[in-house]
Structure formats: C-alpha cells, structure tokens
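Every value quoted in this text rests on a predicted model; they were computed, and no experiment measured them.
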Amino acid sequence: MTKDLQFDPATIRELAQILRESDLTEIELVDNDMRVKLVRQVTVAPVAMPVAAAAHAAPSTAPAAAAAPAPAAEVDADHPGAVNSPMVGVAYLSPEPTSAPFVTIGSKVTQGQTLMLIEAMKTYNQIKAPRAGTVTRILVESGTPVEFGEPLMIVE
C-alpha cells in the first residue's frame, strides 16, 4: 500500500536556511510516517594560516636563530635525535603569541620538558622532550601545519 506523502515546501526551505545559518550539516524530522532529511555537504578549502594562528606565530622575543628553522626535508624522521610529530595539527613554538618560545637552538632540555605545542581539533597538545640533551635544530616555524611522523626538532 503506497501513501502519497506531501511535504510543505516552506518548511523544507526553513530547514535549509537553518543549515546555512548554523554549523549543522544534517537535519532530520520525523512525524508519524513522514520523514524529511536535509544534508549539507561542506567543503573545506585549505587555508595557509588562520588569523588567530597568524597572531600566535610571531613571538616578539624570539632570537633570530630560532626564527630560521632548517628545512624538514633535510632531516630523516629516523634521525636518532629527531622529535617527530605524534599527530596532524599546527605547531606553535611558544605558549602565547607574545611570549618567548619554549626552547631555542642551543637550549639544554630535560626529558619530559615541553618543547612546543601542536593544536589539533582546538586542543593544544604539549610535545615533550623524549630525552635530555641540547636542541640543535628546530625544523618547523610557529603556526605551520605539521603531519604525523614529521620531524619537528633535533635534540642531541
């Protein structure tokens, strides 16, 4: 037995407007035997650096040596002193945009000391030194995206 279900076009337009105005990607309404589901596809264009990250990326008290990281392509992730990224995210070398970086080239670090932060899904994750030693190279700039397993720093 087939029912001719009719949906109110004005209601569907209102639901579509709600999708556009909110962060929702899907709305589903069920009323007895009637069901309407609207799905909005969201495409995200790659962004070089969000405005908030740009403000964070320029610590004013960082020495010139820390501002010029070595290209990561030169360092193998298997380097014995490499500190590799445990996640995909955005690397930050200082806790606040105007504060000094956690470490600079030549800094002596202890095992477990915070080296940098990686923001992933709006959470700042501390990247800690796996061993005691001296920071000999910083391979990323503050505010740059990093990939899983990418070398971030060399601690020897």
Any chance you could measure [X], atom [atom1], to [Y], atom [atom2], to the nearest 0.5 Å?
X	Y	atom1	atom2	value
I138	S107	CD1	OG	7.0 Å
L115	M153	CG	CE	5.0 Å
F102	L117	CZ	CG	4.0 Å
Q113	I127	CD	CD1	13.5 Å

Quick check: closest heavy atoms across [X] and [Y], and the distance to 0.1 Å?
X	Y	value
S99	S94	O-CB, 3.5 Å
G81	R131	O-NH1, 3.6 Å
A91	V146	CB-CG1, 3.9 Å
T144	V140	OG1-CB, 4.0 Å

Indicate yes or no: at least one non-hydrogen side-chain atom of [X] is less than 4.5 angstrom from one of [Y].
X	Y	value
V88	F148	yes
P130	V83	yes
P86	I118	yes
V109	V135	yes
K128	T114	yes
N84	L152	no

- Item | Working for side-chain contact (heavy atoms from CB on, under 4.5 Å), residues M116 and Y92 | CA-CA 6 Å; M116 67 176 57; Y92 294 105; over 6 Å; no

- Message: Let's go through R137 and I105 carefully: what are the C-alpha distance in whole Å and the side-chain angles of both, what is the deciding distance for side-chain contact (heavy atoms from CB on, under 4.5 Å) to 0.1 Å, and is it a yes or a no?
- Response: CA-CA 6 Å; R137 294 173 77 185; I105 294 175; 5.7 Å; no

- Query: Any donor-acceptor pair under 3.5 Å linking the side chain of S142 with the backbone of L93?
  - Reply: yes

- Message: Testing the 3.5 Å rule here: is there a donor-acceptor pair between the side chains of T136 and E156?
- Response: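 Note: T136 and E156 side chains meet the donor-acceptor criterion.
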
